[in-house]
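Let me begin by presenting the structure, written as structure tokens, before commenting on it.
Start at 1 and go down the list; that is how both ligands and their atoms are numbered.
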Amino acid sequence: MPVTIAAEVLSGCTGCEIALLNTGDGFLKLLDRIEIVHMPLLMDSKYFGPDEGSEEIDIPRSDIGFISGSIRNREQLLLARTMRERCGVIVAFGTCAAYGGIPALINLFDNKDLFRRYYRTAEATDSASSPCEVVPPLLDRTFALDEKIEVDAFIPGCPPHPDSIADALDRLIEGRLPETPVQSVCDACPAKREGKGTVQKIKRFLKNARYQPEKPLGEMRCLLEQGLLCIGPVTQAGCSGKSGCAPRCIQARVPCRGCYGPVRRGGNQLLDMLNALASNGIDTKNLPDRLSMLRFSGAHSMLPRQVRKPSS
Ligand code: SF4
Ligand code: SF4
Ligand code: SF4
């Protein structure tokens with residue numbers, strides 16, 4: 001009997017599903033062991049959403065449920081709950097589902113601010129009233145999956161590396177849960193650290209990092225020690241898959257932006273990062289944009305809401 005799989009996309013970009021397809025041959029090899037019973041991105045599997053008086057969404061039962069995207073509105077909450085009820089194992093697929101991801105940046109603002117900006121003060125469009133019919137009502141903020149339903153496994157990444165997806169699928173099909181490394185991007189980074197703690201001020205990434213193209217990556221000085229805001233110290237490793245290569249952005253000599261989320265669930269990523277900065281001699285008051293440091297981890301109340309002046 002093939003293992004049945006259902007997949008749903010909530011508040012996300014479907015990049016995680018594209019990464020699933022990018023597992024290529026690995027995915028094709030799995031096709032005789034799995035049966036996809038529901039995956040709106042790949043197949044025509046309609047469900048009937050909630051209507052007045054009913055909160056039911058019709059999704060087929062399955063052994064494994066992959067959910068990408070975070071939870072932002074009432075319909076997505078119902079979808080997540082239905083998936084939980086119909087699937088034996090629930091996997092938070094990608095950083096949006098695991099930690100809120102980019103959609104959770106909105107947690108810096110409340111819904112009033114959001115509607116005012118989108119519908120009344122945006123420079124490129126005419127002012128309009130906020131939508132209140134047909135579209136599902138918003139929740140008060142964006143939630144990671146495990147804030148609303150029980151989650152059995154997490155595959156972080158924006159998107160996750162295809163190797164990690166193929167590995168996770170393999171384990172899940174055999175009835176085991178995928179494992180995530182408790183290692184940071186720094187642990188996997190070959191850049192040279194001198195540990196002198198002399199940065200003082202973070203620079204915006206407007207100019208390339210200093211490195212010599214003809215020399216191996218291990219000869220490049222750590223980007224954070226060069227004064228570039230690299231979130232590697234507090235970001236979970238794994239973005240280069242099984243290749244054993246350096247983290248993907250570091251390969252391109254670009255600072256890590258934290259797309260794999262925190263190293264440990266339940267820790268305080270902001271505090272950890274401020275400590276990492278302080279140990280490099282960086283005065284955190286001079287950070288160009290302190291809140292964007294956690295741009296991928298904005299659920300779990302990690303982003304403090306910005307206080308706005310009352311609207312005129
Ligand atoms: S984790 Fe990244 S790739 Fe996946 S849905 Fe969210 S934004 Fe898209
Ligand atoms: S801070 Fe960035 S550049 Fe430095 S070791 Fe960590 S991941 Fe590499
Ligand atoms: S280096 Fe950081 S931002 Fe870049 S892919 Fe890896 S985890 Fe994501």
Ligand 1 contact on Cys16 by region, counting heavy-atom pairs under 4.0 Å: both

Go through the side-chain N and O atoms of Glu17 and Ser68 and say whether any donor and acceptor fall under 3.5 Å apart. yes

Which residues pass the side chain to side chain donor-acceptor pair (under 3.5 Å) test with His161, not counting sequence neighbours? none

With heavy atoms only and a cut-off of under 4.0 Å, state how Cys189 meets ligand 2: side chain, backbone, both or neither. side chain

Below 4.0 Å, non-hydrogen atoms only: which portion of Arg193 touches ligand 2? Side chain, backbone, both or neither. side chain

Tell me, which pairs form a side-chain hydrogen bond (donor to acceptor under 3.5 Å, both in side chains) where one or both residues lie in residues 175-185, sequence neighbours left out? Glu174-Arg176, Ser184-Asp187

I'd like to know whether ligand 1 has Thr95 as a neighbour, heavy-atom separation below 4.0 Å. yes

Charged N to carboxylate O below 4.0 Å: is that the case for Glu225 and Arg193? no

Closest protein heavy atom (residue, atom, distance) for atom 3 (S) of ligand 2: Leu223 N, 3.2 Å

Working to the nearest 0.5 Å, report the span between CE of Met302 and CG of Asn107. 11.5 Å

Judged on heavy-atom distance to atom 7 (S) of ligand 2, which of Pro255, Ala237, Cys230 sits nearest? Cys230

Taking 4.0 angstrom as the limit and counting only heavy atoms of Cys96, give me the atoms of ligand 1 inside it, by number and element. 1 (S), 6 (Fe), 7 (S)

Cation-pi between Arg265 and Phe154: NZ/CZ under 6.0 Å from ring centre and within 45° of the ring axis? yes

Looking only at protein heavy atoms, what sits closest to atom 4 (Fe) of ligand 2 is Cys222 SG, 2.3 Å

Can you confirm whether the side chains of Arg116 and Ser130 place a donor and an acceptor under 3.5 Å from each other? no

According to salt bridge (Lys or Arg N to Asp or Glu O under 4.0 Å), does anything in residues 134-144 pair up with another residue at least two apart or in another chain? List the pairs. Arg141-Glu147

Do Pro2 and Ile34 touch side chain to side chain, with heavy atoms closer than 4.5 Å? no

Strictly below 4.0 Å, N to O, side chains only: are Asp152 and Arg84 in salt-bridge contact? yes

Ala299 and Phe143: which non-hydrogen atoms are nearest, and at how many Å? CB-C, 4.1 Å

Atom 6 (Fe) of ligand 2 has as its nearest protein heavy atom Cys186 SG, 2.2 Å

Gly15 heavy atoms, cut-off 4.0 Å: which ligand 1 atoms fall inside? 3 (S), 8 (Fe)

Taking the side chain as every heavy atom from C-beta outward, state whether Met220 and Ile250 have any pair of such atoms under 4.5 Å apart. yes

Can you tell me the protein heavy atom closest to atom 5 (S) of ligand 1 and the distance? Cys13 N, 3.3 Å

Short list, please: which atoms of ligand 2 are under 4.0 Å from a heavy atom of Leu224? 1 (S)

Number the atoms of ligand 1 from 1 as they appear, then name those within less than 4.0 Å of a heavy atom of Pro159, with their elements. 3 (S)

Cut-off under 2.8 Å, centre atom 8 (Fe) of ligand 3, protein N/O/S atoms: Cys259 SG

